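These notes are about the structure you will find just below.
Proteins get letters first, then strands, A, B, ... in listed order; numbering begins at 1 in each. Because the structure is a prediction, the values reported are computed rather than measured.
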Amino acid sequence: MRGTLGDGLNSAQRTAVTTLSGPLLVLAGAGTGKTRVITFRIAELIRGGTKPNRILAVTFTNKAAREMKERTSQLLGRKKKGEAGPEVSTFHSLCVRVLRRHARTLGYPEHFSIYDRGDQESLARSALRDVRVGHEKLRPSDLLHKVSGWKSQGITAKEAEGLVSKDTDLLAVMAYGRYEALLRASGAMDFDDLLLNTERLFREHPEARFAEESRFDHLLIDEYQDTNGLQYQIVKALASRHRNLCVVGDDDQSIYGFRGAEVEHILHFKSDWPDAKVVRLEDNYRCTEWIIHLANNLIAHNKARHDKVLRAARGRGVAPRFLAFEDEESEADAIAAEIHGKINRQDDERIPASHIAILFRTNEQPRAFEQALRRAGIPYVLVGGQSFFDRKEIKDLLSYLRVLANPLDEVSLLRIINTPARGIGTSSIEALLKKAVEEGAPLMKVLPDAPKIASVSQPAANAIGEFLALLDEFRARSRRELLSQWFPEFLARVNYKAEIERQYKDPSEQETRWNTVEQLLNSIVTYENRSESPSLIGFVEETTLMSQGDDDDDDKRREHSVTLMTLHSAKGLEFPEVYLVGMEEGILPHKRSVIEQISHGSSAIDEERRLAYVGVTRAQNVLTLSYAKGRMKWGKLRNQLPSRFLLEMRGQTDKSQEIAQLAVEQLSREIERAEAKAETEPKGKGKGKKSASPRKKSGDEGPSDAPVQAVRRKKFDSNGQKVPSVTARPAPPPVPPPAPPKAASSESAAVSPPSPVAPPSAVSPAIPSAPLAPGATPEIAPPVAPPAPPIASAVPAAPVTPPAAAAPPIMPPAAAPPATPPAAAAPPATPPAAPSVAPPTAPSVAPPAAAAPPATPPAAAAPPIISAPAPAVERPAPAPSHPRRPDPPRFVQVSLFGDLEPPRK
DNA sequence: AGTACGAATTGTATT
DNA sequence: AATTCGTACT
Ligand SMILES: Nc1ncnc2c1ncn2[C@@H]1O[C@H](COP(=O)(O)OP(=O)(O)OP(=O)(O)O)[C@@H](O)[C@H]1O
């Protein structure tokens with residue numbers, strides 16, 4: 001099937017693939033083959049005689065880049081050995097390559113460091129300290145968010161000054177300036193700088209731009225809807241000479257607005273490139289008709305969008321399922337059990353684990369799933385999230401490497417100077433920093449002078465001497481030898497193992513920690529084998545630019561594992577079976593988006609909807625959406641509402657609006673409570689000694705930010721229309737000496753795992769949190785039953801054939817036969833095996849399952865939907881009378897919303 | 001001076 | 001949960 005081009009392309013696709021010059025836009029919905037167009041087009045260019053290395057394709061993730069490389073080489077058959085393929089990379093790695101070539105031009109060291117989120121936070125903290133802004137006023141993460149916003153619009157600190165008025169913003173601007181200075185002094189760039197500096201390079205240094213734009217004759221960009229202003233400029237700069245620019249994207253899948261992406265770039269492509277050819281694709285080849293139906297229903301709720309047709313090229317398929325669970329553990333356990341069944345079947349319905357993905361919104365969600373999957377013995381790969389490279393050990397060691405490569409790198413230097421503890425305490429470090437500031441020299445430069453500084457103790461000075469000797473020795477070796485050759489010895493010399501043993505008392509924890517160090521060595525070796533010209537800097541760079549689950553090792557593991565990832569990372573991918581979990585108000589329309597929308601009137605929720613749309617359209621055959629009615633948060637059980645998006649997909653618009661309304665009310669109540677609490681105990685911050693004490697502290701709170709207040713203003717507008725006038729802000733003295741870094745003070749382990757509190761186990765049979773529920777709820781329930789009278793009655797009661805296949809393996813012996821297709825056809829009210837099985841095992845299981853039918857007879861399906869709008873439910877979970885018993889995937893009853901209206905036609 | 005421990009606080013998404 | 005701060009110990 002590789003032979004002729006045109007195999008596997010419809011006519012619109014073929015048009016795009018064979019338009020080989022000039023600007024070209026493919027604007028089309030999910031799964032219509034946009035990425036395929038890019039791949040085929042690259043192949044076609046090469047067949048037509050274009051040299052592969054004259055083609056640059058830009059993707060959004062490293063994973064996507066690898067995939068594209070692979071697919072093109074498949075299309076082209078074996079490529080001649082030694083011949084370079086097309087260049088496929090992400091914007092960020094492209095920029096790094098450009099910048100390494102021109103770093104000096106911009107005044108950076110050639111081996112500039114790249115700061116990831118963690119490094120940025122350290123720096124932001126220093127910056128805030130330097131401008132004397134307490135972190136109650138502005139947290140490092142808030143600062144970074146603002147700074148990133150400015151940077152991705154190309155706004156400098158100086159320019160920003162004229163643009164802001166709120167005084168927290170002014171503080172932020174000052175901190176921004178300081179932050180930039182610190183970055184510069186460290187010879188480091190953050191992620192935004194990679195783009196910003198590239199753009200600047202092209203703008204201010206025509207010769208550099210010329211050199212770079214001359215490297216390629218064709219430029220192709222995937223996911224163009226998610227480019228930000230800088231990326232847009234970079235694209236323009238690179239394409240304006242040859243004009244062979246092909247961009248592909250879908251405005252409905254624009255999900256990176258939070259980091260400055262603007263859909264306008266794709267929507268206005270035609271005006272930027274008036275001679276552009278525009279191709280639209282309308283046939284979705286990925287999903288079943290059912291899935292497309294839901295996706296279309298959903299996305300239609302977004303007002304501002306480029307309307308497009310999206311129709312399924314495939315058959316109807318099975319009806320997606322909507323499941324409700326008592327809490328996140330039940331959700332995870334039940335899904336794990338179901339997956340276990342699917343991947344362990346012996347008949348031909350068996351599904352490989354790699355065909356299954358669990359998708360979620362936030363990074364805290366996978367925890368329950370990881371546990372459940374592990375208990376069930378299901379192999380999985382968690383993509384993204386807390387990266388391997390984010391672990392403390394790894395960061396420590398990488399910091400050594402970075403300092404070896406770039407001695408200016410202050411964040412890394414401060415991290416390692418006393419790690420392992422070698423007797424260089426905070427006061428010594430402070431003195432050194434002070435001296436560095438006085439001399440305007442980098443910290444590293446003043447270290448040799450340590451003995452001459454009075455406030456540096458003798459032992460500390462000696463320790464510094466040894467530290468420097470160590471660095472010198474290995475810096476020299478790093479010039480001659482491969483990293484893998486000297487790294488083991490380096491570990492020994494640093495005595496990092498002893499550090500781990502000192503820090504962690506628990507032997508098993510010591511072992512895991514040390515294991516991660518060994519894994520680091522592995523990944524060094526892997527890198528050196530793969531890379532054409534391995535280098536210290538190259539390795540460090542890769543670790544910062546690639547997140548976990550993004551290297552080829554993970555690709556391999558994924559071949560036999562279930563994939564867990566966020567919706568954001570799932571963009572562009574597809575899986576035969578998808579579980580979209582945690583579909584709840586507050587999570588999928590994320591709380592913050594709701595707040596932002598009602599306070600700033602933005603369209604933050606639309607972006608959440610797009611996220612849901614992306615999620616739904618990842619599924620090829622089977623889609624399961626689930627939510628938990630309650631969720632543990634900060635040790636308290638919190639009731640959750642089902643996501644409005646679930647209802648929108650189902651065509652129950654009125655229901656979804658009610659939910660939206662409830663969600664807002666709930667949020668308002670929460671905010672109100674938080675404020676009340678904040679005002680009752682303002683004494684908390686009794687640190688009176690702060691010289692710059694802002695006297696505005698009294699009466700009504702400070703000036704600041706917090707969306708919280710904004711909401712309050714909107715919603716309870718009553719009296720409070722005090723416009724936060726810009727009072728005299730505490731002018732921070734210019735450049736006070738940088739604050740001392742915190743000595744590595746890590747605490748020990750030994751915290752016994754707080755046994756996950758048992759869910760409301762025996763409590764509340766049918767989870768009628770009745771007392772608190774505002775009257776509204778009950779009435780809302782009934783109408784939920786969809787406009788499908790015929791089956792309607794049957795459905796509510798009918799718990800979906802519970803994870804049919806799920807149980808077999810572990811629970812009943814001969815339960816194999818189930819497999820009742822998930823279609824709505826299932827026999828009514830047969831709370832299957834569940835009850836009978838559950839009781840003995842887990843107490844927490846029984847109630848929902850068994851209780852449901854009796855307690856809430858007819859409308860059984862409905863209540864769960866709105867059961868718990870009350871905000872203040874937080875009942876402390878019952879005592880840990882829960883036998884810690886992880887083994888059997890607990891089997892939990894699920895319920896339906898009601899009937900689903902099938903795709904028309 | 002340096003380190004260890006406990007308490008308190010707060011948590012979108014990603015290159 | 002992870003970090004940071006305050007406090008007490010070596
Ligand atoms: N003409 C075609 N015939 C058969 N299958 C196709 C055709 N075009 C695309 N496909 C298949 O449809 C699926 C989706 O394709 P692709 O990933 O390129 O879509 P996309 O538009 O990039 O999707 P998304 O917007 O979700 O990233 C892939 O499995 C692809 O192989």
Side-chain angles (χ1 to χ4, degrees), chain A residues 59-65 89-96 114-118 120-122 125 134-136 139-142 145 148 152 189-195 226 228 230-231 255-261 360-365 367 383-387 390-392 418 421-431 455-460 463 502-503 505 544-548 550 565-571 586-596 604 607-608 610-611 614 633-635 674 684-687 741-751 753-754:
Chain A
T59 61
F60 233 69
T61 63
N62 299 292
K63 207 180 319 142
S89 79
T90 63
F91 268 110
H92 288 83
S93 37
L94 170 70
C95 289
V96 172
I114 301 170
Y115 280 177
D116 66 14
R117 186 62 195 218
Q120 286 180 269
E121 291 208 356
S122 309
R125 247 186 296 278
H135 66 287
E136 317 85 44
R139 282 177 320 225
S141 55
D142 294 337
H145 184 247
S148 178
S152 47
M189 300 191 198
D190 64 18
F191 284 123
D192 296 317
D193 284 332
L194 296 177
L195 303 175
D226 277 322
N228 69 20
L230 296 171
Q231 292 165 329
I255 54 176
Y256 282 96
F258 71 92
R259 70 177 199 207
F360 40 83
R361 171 72 231 261
T362 71
N363 276 320
E364 63 189 349
Q365 288 174 264
R367 283 171 201 227
V383 178
Q386 285 301 56
S387 157
D390 281 345
R391 293 188 225 173
K392 182 181 181 310
N418 199 35
R422 47 171 75 85
I424 307 173
T426 46
S427 57
S428 302
I429 293 171
E430 197 172 352
S455 41
V456 175
S457 69
Q458 188 57 47
R502 193 183 59 79
Q503 258 184 48
K505 289 162 188 161
T544 32
L545 251 37
M546 288 201 327
S547 54
Q548 181 186 25
D550 206 5
M565 64 183 158
T566 62
L567 291 166
H568 282 93
S569 353
K571 188 173 64 160
I587 295 186
L588 193 32
H590 193 275
K591 196 171 155 187
R592 289 174 77 130
S593 69
V594 178
I595 292 176
E596 194 185 316
E607 181 152 314
E608 300 286 301
R610 277 177 248 138
L611 212 37
V614 167
K633 184 116 187 189
W634 295 333
K685 318 293 184 198
K687 52 200 66 183
K742 242 334 210 241
S745 72
S746 60
E747 28 55 47
S748 64
V751 184

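In this structure, A:S569 reaches the sugar-phosphate backbone alone: every heavy-atom distance under 4.0 Å involves primed, P, OP1 or OP2 atoms, never a base. Contact annotation for A:R125: backbone-only contact, meaning every heavy-atom pair under 4.0 Å involves sugar-phosphate atoms and none involves a base. Using a 4.0 Å heavy-atom criterion, one finds that A:S428 contacts the sugar-phosphate atoms exclusively. In this structure, A:F60 reaches the sugar-phosphate backbone alone: every heavy-atom distance under 4.0 Å involves primed, P, OP1 or OP2 atoms, never a base.
Within the 4.0 Å cut-off from OP1 or OP2 of B:dT15, not a single side-chain nitrogen or oxygen of A:T61 is found. OP1 or OP2 of B:dG11 has at least one side-chain nitrogen or oxygen of A:R139 nearer than 4.0 Å.
Taking atom CD1 of A:I595 as the reference point, atom C1' of B:dG11 lies 13 Å away to the nearest angstrom. Taking atom CG of residue A:L567 and atom C1' of nucleotide B:dT14, one finds them 13 Å apart after rounding to whole Å. One interatomic measurement links the two molecules: CD of A:E364 to P of C:dA2, which rounds to 13 Å at whole-angstrom precision. Summarising the geometry, the separation between OH on A:Y256 and P on B:dA13 is reported as 11 Å, rounded to the nearest angstrom. Atom CG in A:N363 sits about 15 Å away from atom P in B:dG11, given to the nearest Å. To the nearest angstrom, P of B:dG11 lies 7 Å from CZ of A:R592. Whole-Å rounding puts the A:F191 CZ to B:dT14 P distance at 12 Å. In this structure, A:N228 places its CG atom 19 Å from P of B:dA13, rounding to the nearest Å.
For the pair A:H145 and A:A460, nearest-nucleotide mapping onto DNA chain B gives the more 5' position to A:A460. Nearest-nucleotide assignment on DNA chain B puts the 5′-proximal partner with A:S457, out of A:S457 and A:L195.
Between the side chains of A:T544 and A:D116, no donor-acceptor pair of N or O atoms lies under 3.5 Å.
Distance from the side chain of A:N418 is smallest to B:dT3 among B:dA13, B:dT15, B:dT3. Side-chain proximity of A:T90 to B:dT15, B:dG2, C:dA1: nearest is B:dT15.
Judged as a side-chain hydrogen bond (donor to acceptor under 3.5 Å, both in side chains), and not counting sequence neighbours, the contacts of A:S93 are A:T90.
Scanning both residues, A:G260 and A:S152, for their nearest heavy atoms gives CA-OG, 4.4 Å.
Taking the centre of each ring, A:F258 and A:H145 stay at or above the 6.0 Å mark.
A:L194 pairs with exactly one of A:L230, A:L545, A:L94 by the side-chain contact (heavy atoms from CB on, under 4.5 Å) rule, that one being A:L545.
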